[in-house]
Every structure is written in structure tokens, then in C-alpha cells.
Number of protein chains: 2
Amino acid sequence: MIPSHLRQNPLFQGLTGCDLTLLLGYAHEKTTKRATAFFHAGDTADRCFLLLEGHVKLSQTTPSGAQGAARLIGAGDIFGWAGVMGQARYPGTAESLAACRALAWDTGRMRQTLLATPRLTLTLLTLMGARLREAESRVLDLATARVDQRLARTLLRQSSAAALPLTRQDLAELCGTTLYTVSRTLRRWEQAGWLRLGRGSLRVLSRPALAALAEPPDAS
Amino acid sequence: MIPSHLRQNPLFQGLTGCDLTLLLGYAHEKTTKRATAFFHAGDTADRCFLLLEGHVKLSQTTPSGAQGAARLIGAGDIFGWAGVMGQARYPGTAESLAACRALAWDTGRMRQTLLATPRLTLTLLTLMGARLREAESRVLDLATARVDQRLARTLLRQSSAAALPLTRQDLAELCGTTLYTVSRTLRRWEQAGWLRLGRGSLRVLSRPALAALAEPPDAS
DNA sequence: ATCGGTCTTTGCGCCGGCGCAAATAACAGA
DNA sequence: TCTGTTATTTGCGCCGGCGCAAAGACCGAT
């Protein structure tokens with residue numbers, strides 16, 4: 001039986017029950033504990049995933065390996081589709097930040113399925129479009145906004161009710177800065193009472209305060 | 001008759017002659033002079049384009065309008081497909097840097113065509129994947145590399161044999177900095193004999209010299 | 001030739017943010 | 001409970017890069 005919350009995933013919109021059953025038949029389920037890699041940068045891109053539960057960090061590092069940039073994948077999001085989109089190898093590393101449950105498909109089989117299921121391909125194109133726009137807006141942000149603005153925005157975007165399972169280093173990679181600056185900034189905000197810090201986690205207490213910072217000083 | 005160089009465009013790979021004829025039947029040709037907009041950010045995204053000749057600058061600006069980020073579109077590339085990927089409006093502005101010739105399709109009709117031509121959709125997915133990876137590598141660059149490294153890389157990537165029709169401001173937007181810094185840096189490089197500057201254009205004289213700068217100081 | 005507009009250069013001062021280094025603090029496993 | 005490991009904080013100094021302002025340089029049009 002197919003759980004209804006799965007059927008409602010954006011990836012499956014517009015598919016017939018038959019298509020969906022077939023698609024799920026090809027999938028196998030994968031579960032991981034915290035801090036486990038789904039794949040590493042450079043691995044053969046032979047799988048693609050749909051995250052059902054947990055959080056995944058997708059990160060890239062420079063050739064010299066010094067620093068990195070990252071983005072977060074939440075429940076319901078897809079990741080690791082580089083192979084489907086014609087890449088031989090994964091460009092980044094995917095690592096679980098918490099215990100995860102995911103569906104995995106074989107890349108080659110998925111490509112065949114896409115040729116037979118145009119509706120799915122178009123949906124996928126839409127999802128990738130959204131991700132492309134997000135990446136381009138990050139470029140704009142990095143080029144124009146200050147670190148504290150980017151950090152505030154990142155916290156607002158990711159903060160569910162629950163505490164975020166992110167280290168200072170993770171946050172630094174998410175918003176394009178260093179762990180030192182993140183630590184200093186967060187500490188200042190904690191002392192202002194806007195959030196509560198923990199080791200490898202934090203909780204936002206006052207979204208309005210962060211929202212005020214996220215915008216450039218009021219251009220009235 | 002369909003020109004062969006058109007048939008060889010990546011977008012059309014794997015299509016039957018029949019599909020291709022149909023597709024081109026839907027297209028209309030658009031030509032522009034220099035410094036003309038194909039569309040503006042916020043316009044209804046009702047067209048999508050394939051550039052046949054010329055150069056187009058795709059740019060986004062912050063809500064406050066101060067600065068911007070840009071990317072270049074060359075002959076053979078597609079642009080303005082946000083509507084096809086489910087967006088109501090264009091997220092950025094497309095402006096010709098030189099006289100251009102482009103094919104244009106209606107967004108709605110293209111979406112229908114995609115449902116009927118899975119092969120084309122998959123190709124499009126591949127092209128978008130490449131663009132997504134490029135955007136993500138730009139994020140990494142902005143977060144880790146210095147301005148002169150990014151600038152050198154940008155010049156190397158874009159420099160054909162011909163001179164580039166880019167102002168200092170354009171270059172600043174392409175590599176995420178300000179026109180002042182671009183001017184200073186380029187001037188230094190011109191005095192080193194690595195390039196030749198003009199008003200609104202420049203030509204690379206020594207690619208090796210730039211390549212050396214593009215990489216972080218030799219991590220042996 | 002002249003004039004207005006756009007693009008470019010460069011001096012100057014300032015500051016956001018980096019990153020080493022060292023001291024804690026928190027956790028995990030034996 | 002003890003111990004090694006990993007994460008965090010913070011002082012300090014430095015520097016890359018921003019951005020105003022003003023002075024050219026170049027272009028096209030009348």
C-alpha cells in the first residue's frame with residue numbers, strides 16, 4: 001500500500017496510480033544514522049534519492065579542500081539526481097545530519113522511466129528550475145549582502161519549531177562565511193535573547209528580531 | 001530548410017526530423033540591436049528563447065535595486081525558460097550586449113510540446129542540470145575565492161578570440177564585486193601586459209598569466 | 001567642432017570579516 | 001568516572017575590498 005503523504009509529494013503530482021506503483025516498485029528504501037554519507041563527491045552517480053525523513057547536508061568543497069558551501073535537504077526533497085541529468089559523477093557530498101529514511105532509485109532505470117513518463121520529467125524540470133532559481137538568488141546574496149544578513153536569513157529559512165542540528169561550521173558553509181564569524185554573531189544574538197545556543201544545535205526565539213536584520217537597514 | 005548548425009544544437013539532440021520540423025514551426029525569429037531587453041524581471045514569463053547569434057546578459061538585482069549579479073548567454077544557449085519550468089514571471093532581466101538573433105517559443109505551447117516529446121524534456125533537464133551545477137560552483141567561488149581569482153576565471157571562461165563587449169560594471173556583476181575593484185584590478189593587469197583594455201571592451205593577451213592567478217597560490 | 005552623457009580611473013579612508021592561537025566546554029565511549 | 005575527541009568561544013592584529021568624490025577619457029549626435 002502506498003502512504004498518502006507519499007502520493008502527495010510534489011515529485012509525483014499528476015502521475016497515474018499505475019505509473020506511481022511502477023515507480024515505487026523500482027525504488028528501494030535506505031535508512032541511515034546520523035553523520036552517514038549517502039555518497040561522496042566524485043562517486044559514480046548511479047543513484048537518485050527522495051528523502052522521507054530527517055535532514056541531509058549537501059556540500060561541495062574547493063579542489064584544495066579548504067572551505068566549502070552547503071545546502072540543506074529536508075523531508076520530501078529530492079537529492080543526488082546529477083546522474084539522471086547526465087553527469088557521470090556526483091559534484092558534491094550528501095551526509096545525514098540526523099537519522100534518515102529515503103527512497104533510492106537506479107539512475108539508468110530512472111532515465112528510462114522518464115522517457116516513458118513525460119509528466120514526471122516535466123515535474124522534475126520544475127523542481128530543478130526552483131532549485132536553480134534558489135542557487136541564483138544565493139549568488140546574488142553572497143555578492144551583495146553582509147554576513148549577518150545572510151546568517152539571519154538562513155536561520156529564518158531553516159528554523160522549524162524544533163532545534164536545528166547544525167554546527168557552527170555547517171552554518172558557515174550554508175551562508176558563505178567562517179565558523180569564527182558565525183560563532184561571534186550567534187553569541188551576540190544569544191546575549192540579546194534572540195536565540196538559544198547549544199552544542200551542534202540552536203533554536204530561534206525571536207523571528208521578528210532576525211527578520212529585521214535580514215533586510216538591509218530600512219530603505220524607506 | 002533547416003540549417004545544419006541548428007540541427008546540431010544540444011537542445012535538439014536525439015529528436016526525429018519530424019519533431020524538429022514541428023518544433024521549429026512553432027518558433028518565431030526575433031532580432032535585436034545592442035542594449036535591448038528581451039524581457040525584464042517581473043514580466044509575465046510567456047516566452048522562451050534559443051540564442052542563435054550575439055551575446056545576452058542575464059541579470060538580477062536586489063529588491064532595493066542597488067547591486068546585481070549576472071551571467072552571460074552565448075550563441076547556442078537557451079534562456080528565459082522560467083515559465084516553462086513553472087514560474088509565472090521572469091526572475092531576471094535579459095539584455096542584448098550586441099546585435100542578436102534568437103528563436104522564441106510560446107511558453108504554454110512549449111510545455112505541451114514537452115509532454116509530447118519526452119526526449120526533448122530529458123535534454124532540457126540535462127541542460128538545466130548543467131546550469132544548476134554552474135550556479136552552485138559560483139556559490140562556492142563567491143564563498144571561498146578572492147576577487148582577483150574570480151575575475152581571472154571569468155575572463156578565461158568568457159574570452160573568445162574576439163574582444164568582450166563588457167563594461168567594468170558588467171564584469172563586476174559577473175564576478176560579484178564592484179566596478180571600482182574591477183577597474184583597479186584590470187588596470188594592474190593591463191600594465192603587466194596581460195590584456196588590452198578599451199571602453200566597454202577588453203581582449204585577453206596572456207591566458208597563462210591569468211590561469212596562474214585563477215588558481216589559489218600553488219598548493220603543491 | 002562642440003557639447004552632453006556615459007564609462008573609466010584613482011586617491012583616500014575606513015571597516016567588515018578572516019584566521020591563528022589558546023582556553024574552555026560538552027559529549028561519547030570504555 | 002575518567003579520558004580523549006570534537007565543538008565552541010574570544011582576544012588580537014591585519015588586510016582585502018568597498019565606495020565616495022572628483023577628474024579625466026571617450027563616444028555619438030546635432
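Basis for what follows: all heavy atoms, side chains included, without hydrogens, waters or symmetry-related copies.
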Just call it for R168(A): base, sugar-phosphate, or nothing, with non-hydrogen atoms closer than 4.0 Å on any strand.
-> sugar-phosphate
Does the pair E134(A)/R71(A) count as a salt bridge with the N-to-O cut at 4.0 Å?
-> yes
Could you state the CG-C1' distance from L166(A) to dT6(D), rounded to the nearest angstrom?
-> 16 Å
Could you give the CZ-to-P distance, from R34(A) to dC27(C), as a whole number of Å?
-> 12 Å
How long is the line joining CZ of R146(B) and P of dC15(D), in whole Å?
-> 13 Å
For R188(B) and dT10(C), give me the distance from atom CZ to atom P, rounded to whole Å.
-> 12 Å
Around atom CZ of R196(B), are there more than 12 heavy atoms of other residues, nucleotides or ligands at under 6.0 Å?
-> no
Hey, is the main chain of K33(A) close enough, under 3.5 Å, to the side chain of S96(A) for a donor-acceptor pair?
-> yes
Axial bend angle, the helix from dA1(C)-dT30(D) to dA30(C)-dT1(D): five-pair end segments, nearest 10° = 50°
Per R184(B) side chain, nearest of listed nucleotides dC27(C), dG19(D), dC27(D) | dG19(D)
Regarding T178(B) and T181(B), is there a side-chain donor-to-acceptor distance under 3.5 Å anywhere?
-> yes
Report yes or no: is there a donor-acceptor pair, N or O only, under 3.5 Å between the side chain of R187(A) and the base of dT8(D)?
-> no
Flag if over 12 foreign heavy atoms under 6.0 Å of CZ, R101(B) = yes
What is the ring orientation for F38(A) with F79(A), classed by angle as parallel under 30°, tilted 30 to 60°, or perpendicular over 60°?
-> perpendicular
Between dA26(C) (C1') and R199(A) (CZ): distance, integer Å | 5 Å
Sub-3.5 Å donor-acceptor pair from the side chain of N9(A) to the main-chain atoms of G76(A), do we have one?
-> yes
Pull out every residue in residues 170-183 of chain A that has a heavy atom closer than 4.0 Å to any atom of DNA chain D, ordered by number, or say none.
-> Y180(A), S183(A)
Look at the rings of W189(B) and W194(B) and say which category their plane angle falls in: under 30° parallel, 30 to 60° tilted, over 60° perpendicular.
-> tilted
